[in-house]
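Structure first, then comments.
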Amino acid sequence: MQNSRYDVVIAGGAAVGSAAAYFLTADQGFKGSVLVVEADPSYQHCATALSAASIRHQFSTPENIRMSLFGTEFLRQFGPSMAVNGEQPDAAFHEGGYLFLATSSGQTILRENHAVQKAEGANIVLMDTAGLASRYPWMNTEDLAAGALGLSGEGWLDAYGMMQGLRKKAIAQGAMYVQDKITGLKRDGHRIVGVELASGSTVACGAVINAAGTGAAALAESAGIKLPVESRKRSVFYFSSPAALPDCPMVIDPSGAYFRPEGHGYIAGIAPPEDDDPPCADFDVQHELFDEVLWPLLAHRVPAFEALRCTRSWAGHYDMNVIDQNVILGAHPDVDNLYFANGFSGHGMQQSPAVGRALAELIIHNTYQTLDLNRMGWARILENKPIIEKNVV
């Protein structure tokens, strides 16, 4: 490590931490030093690398829509923007769209969400049952009343490639990365004055960003702050099928199951029941979830999936905000220079560019300059006024 003090220390160097490092070092008004502390530079267990790697605009909360709209534009310019020494990374962004399906009981909420999305500039179209059946003849639409399809801006990508592109660009711009783990925060009154590392050293700091994912709550606790974020396991299943599904988007079934194309097959997943979704740290795949719950749902929606074959699976973790499943962003009122970006609840990868930019603005300019994300801050948590996001997958 080059210095014993850095102007900004970032706990966690995955998508959110690296996006913050990139935007800090890219800002012409920032002349300080940045240290990113990441325990596993291979990122093999980070949420981004193990996610379904998708981005959507179909939320019910305006701030979530705005963050993902920015994420889309960021990905469209990713190669040229992240180029280092003339070499452009490729996030392999494919705008295949999201398709949210609704039965008669859910179509009112679908239409209400669509109105919010259109007001924010998202390119989403509503379809009735006949429209769905015509566009997707491979789909069982008998129990459906409506669908909302993203015509542009939504899709999937190489999340690992995006993360590495951000990391390499941040380093090229002067950010320092170190393989270590922040085990504690040294607090003096209303400020964090240093971070303690697992290697035994202490680094003084001007500001700290908590981008530690599922380890964020423990880090916050070391500063005397209770962060309502828990680790929840999510399994992803890759399967092959003889089914040909032309123009298949990321499909979100009314049951909560999802599937989309991936290579020569498909990936799919579903959240476990609430009463069987405890805080969890292991990476054991929930195979029974696929066999007993997901497969029947997939075969119902796409009859040709009855013959599918699951060939690979993996498990990762959401940093779940147990209050309202939205990101907690910005400084805590009791600690002036400790900035949080936690509790994404599965949306961290797609929101990381906007959140990275927002954190840089708060640290450098002491205010949001582009997107007003004040509503996503600590006030709602401390006042018990959750923001209810109706489109959680």
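Because the structure is predicted, anything quoted here is derived from the model rather than measured.
- Each of Asp282, Asp276, Asp277, Asp284 was compared with Lys233 under the salt bridge (charged side-chain N to carboxylate O under 4.0 Å, His left out) criterion, and only Asp282 meets it.
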**Message:** Set out, in order, the CA-CA distance, both residues' side-chain angles and the distance that settles side chain to side chain donor-acceptor pair (under 3.5 Å) for Ser33 and Asp7, then state yes or no.
**Reply:** CA-CA 5 Å; Ser33 54; Asp7 293 292; 3.1 Å; yes
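- Defined by atom type and a distance below 3.5 Å, a donor-acceptor pair is present between the side-chain atoms of Thr370 and Arg357.
- Within the 4.5 Å cutoff, the side chain of Gln44 has no heavy atoms near those of the Leu50 side chain.
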**Asked** After noting the C-alpha distance and the side-chain angles of Leu298 and Phe237, does the key distance pass the side chain to side chain contact (heavy atoms under 4.5 Å, CB included) rule?
**Response** CA-CA 12 Å; Leu298 294 172; Phe237 304 92; over 6 Å; no
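- Panel note: side chain Thr72, backbone Gly153; a donor-acceptor pair is recorded below 3.5 Å.
- Using modelled atom types and a 3.5 Å distance limit, the side chains of Asn113 and Asn391 yield a donor-acceptor pair.
- Between the side chain of Gln325 and the main chain of Met320, no donor-acceptor pair closer than 3.5 Å is present.
- Contact record, Ala315 with Val285: N-CG2, 3.9 Å, taken as the closest heavy-atom pair.
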For residues 245-259, run the donor-acceptor check on the side chains, cut-off 3.5 Å, and write out each pair with its distance to 0.1 Å, sequence neighbours left out.
unit_1 : atom_1 : unit_2 : atom_2 : d
Asp253 : OD1    : Arg301 : NE     : 2.5
Asp253 : OD1    : Arg301 : NH2    : 3.2
Asp253 : OD2    : Ser255 : N      : 3.1
Asp253 : OD2    : Ser255 : OG     : 2.7
Ser255 : OG     : Ala257 : N      : 3.3

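- Looking at Met176 and Val34, their side chains never come closer than 4.5 Å, going by heavy atoms from C-beta outward.
- For the pair Ser231 and His317, the tightest heavy-atom approach, listed with the atom from each and the gap, is OG-CD2, 3.3 Å.
- Cation-pi geometry between Arg167 and Tyr177 is met: the NZ or CZ atom falls under 6.0 Å from the ring centre, inside 45° of the normal.
- One hydrophobic cluster, built from ILVMFWY side chains closer than 4.5 Å, cannot hold both Tyr98 and Phe93; they sit in different ones.
- Between the Gln350 side chain and the Ser68 main chain, no donor and acceptor come within less than 3.5 Å of each other.
- No side-chain donor-acceptor contact under 3.5 Å links Asn64 and His57.
- Listed here is the closest heavy atom pair of Thr141 and Ala133: OG1-CB, 3.7 Å.
- Atom NE2 of His190 sits in a sparse spot, with 12 or fewer heavy atoms from other residues, nucleotides or ligands closer than 6.0 Å.
- Smallest separation of non-hydrogen atoms from Arg260 and Trp156: NH1-CD1, 3.3 Å.
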**Request:** Please test Asn321 against Ser345 for side chain to side chain donor-acceptor pair (under 3.5 Å), starting from the C-alpha separation and ending with a verdict.
**Result:** CA-CA 6 Å; Asn321 175 356; Ser345 308; 5.7 Å; no
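- The side-chain heavy atoms of Ile363 and Tyr339, taken from C-beta on, include a pair separated by under 4.5 Å.
- Counted within 6.0 Å of CG on Asn366, heavy atoms from surrounding residues, nucleotides or ligands total 12 or fewer; the atom is thus considered open.
- Between Gln164 and Met162, the closest side-chain pair of non-hydrogen atoms is not below 4.5 Å.
- Between the side chain of Arg191 and the main chain of Arg187, no donor-acceptor pair closer than 3.5 Å is present.
- Listed for the Tyr238 side chain is a donor-acceptor partner under 3.5 Å among the backbone atoms of Gly265.
- By the 6.0 Å and 45° rule, Arg232 does not stack over the aromatic ring of Tyr318.
- A salt bridge is defined here as a Lys NZ or Arg NE, NH1 or NH2 lying under 4.0 Å from an Asp or Glu carboxylate O, and Arg66 with Glu120 meets this definition.
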**Step-by-step side chain to side chain contact (heavy atoms under 4.5 Å, CB included) determination, Ile270 to Leu297** = CA-CA 10 Å; Ile270 190 171; Leu297 292 171; 3.6 Å; yes
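- Checking Glu389, His114, Lys390 one by one against Ser60, the side-chain hydrogen bond (donor to acceptor under 3.5 Å, both in side chains) holds for a single residue, Glu389.
- Ile381 places a side-chain heavy atom less than 4.5 Å from the side chain of Pro228.
- Using cut-offs of 30° and 60° for the angle between ring planes, the Phe78 and Phe74 rings count as perpendicular.
- Under the 4.0 Å criterion applied to side-chain N and carboxylate O atoms, Glu63 and Arg375 are assigned as salt-bridge partners.
- Ring geometry, Phe59 versus His347: the interplanar angle exceeds 60°, so the pair is classed perpendicular (tilted spans 30 to 60°).
- Atom NZ of Lys118 is surrounded by more than 12 heavy atoms from other residues, nucleotides or ligands within 6.0 Å.
- Using a 4.0 Å cut-off between a side-chain N of Lys or Arg and a carboxylate O of Asp or Glu, Glu87 and Lys168 do not qualify as a salt bridge.
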**Request:** Tell me, with the steps shown, if Glu95 and Arg76 meet side chain to side chain contact (heavy atoms under 4.5 Å, CB included).
**Result:** CA-CA 10 Å; Glu95 297 188 39; Arg76 286 171 173 166; 2.9 Å; yes
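- In the model, Thr103 has no side-chain atom that pairs as donor or acceptor with a side-chain atom of Asp143 under 3.5 Å.
- Between Tyr266 and Phe305, the ring-plane angle classifies as perpendicular under the 30° and 60° cut-offs.
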**Message:** Applying side chain to side chain donor-acceptor pair (under 3.5 Å) to Asn123 and Ser152, what does each step give before you reach the verdict?
**Reply:** CA-CA 6 Å; Asn123 188 15; Ser152 65; 2.9 Å; yes
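- Residues satisfying the side-chain hydrogen bond (donor to acceptor under 3.5 Å, both in side chains) criterion with Lys169, sequence neighbours excluded, are absent altogether.
- No donor-acceptor pair under 3.5 Å is formed between the side chain of Thr367 and the backbone N or O of His365.
- Using a distance-only test at 3.5 Å, with no hydrogens or angles considered, a donor-acceptor pair links the side chain of Asn337 to the main chain of Gly206.
- For the pair Thr183 (side chain) and Glu196 (backbone), a donor-acceptor distance under 3.5 Å is present.
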**Item:** Residues Gln179, Glu38; criterion side chain to side chain donor-acceptor pair (under 3.5 Å); working and verdict
**Value:** CA-CA 5 Å; Gln179 182 178 359; Glu38 170 57 49; over 6 Å; no
**Message:** Show, in sequence, the C-alpha distance, side-chain angles and deciding distance for Arg380 and Ile328, and conclude whether the side chain to side chain contact (heavy atoms under 4.5 Å, CB included) test is met.
**Reply:** CA-CA 9 Å; Arg380 78 183 197 276; Ile328 301 171; 4.0 Å; yes
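- No donor-acceptor distance shorter than 3.5 angstrom exists from the side chain of Ser134 to the backbone of Ala130, with no hydrogens or angles considered.
- Side-chain contact between Gln351 and Phe70 is absent, with no heavy atoms from C-beta onward closer than 4.5 Å.
- Here the shortest heavy-atom pairing between Ala170 and Tyr22 reads CB-N, 3.8 Å.
- A side-chain donor-acceptor contact under 3.5 Å links Glu361 to the backbone of Gln369.
- Between Phe290 and Ser313 there is no side-chain heavy-atom pair separated by less than 4.5 Å.
- Figure legend: cation-pi geometry between Arg309 and Phe239 absent, as NZ or CZ is not positioned both under 6.0 Å from the six-membered ring centre and within 45° of its axis.
- Leu185 has its side chain within reach of Leu219: a pair of non-hydrogen atoms, C-beta onward, lies under 4.5 Å apart.
- Summarising the geometry of Leu382 relative to Pro333, their closest heavy-atom pair is CD1-CG, 3.5 Å, with the distance given to 0.1 Å.
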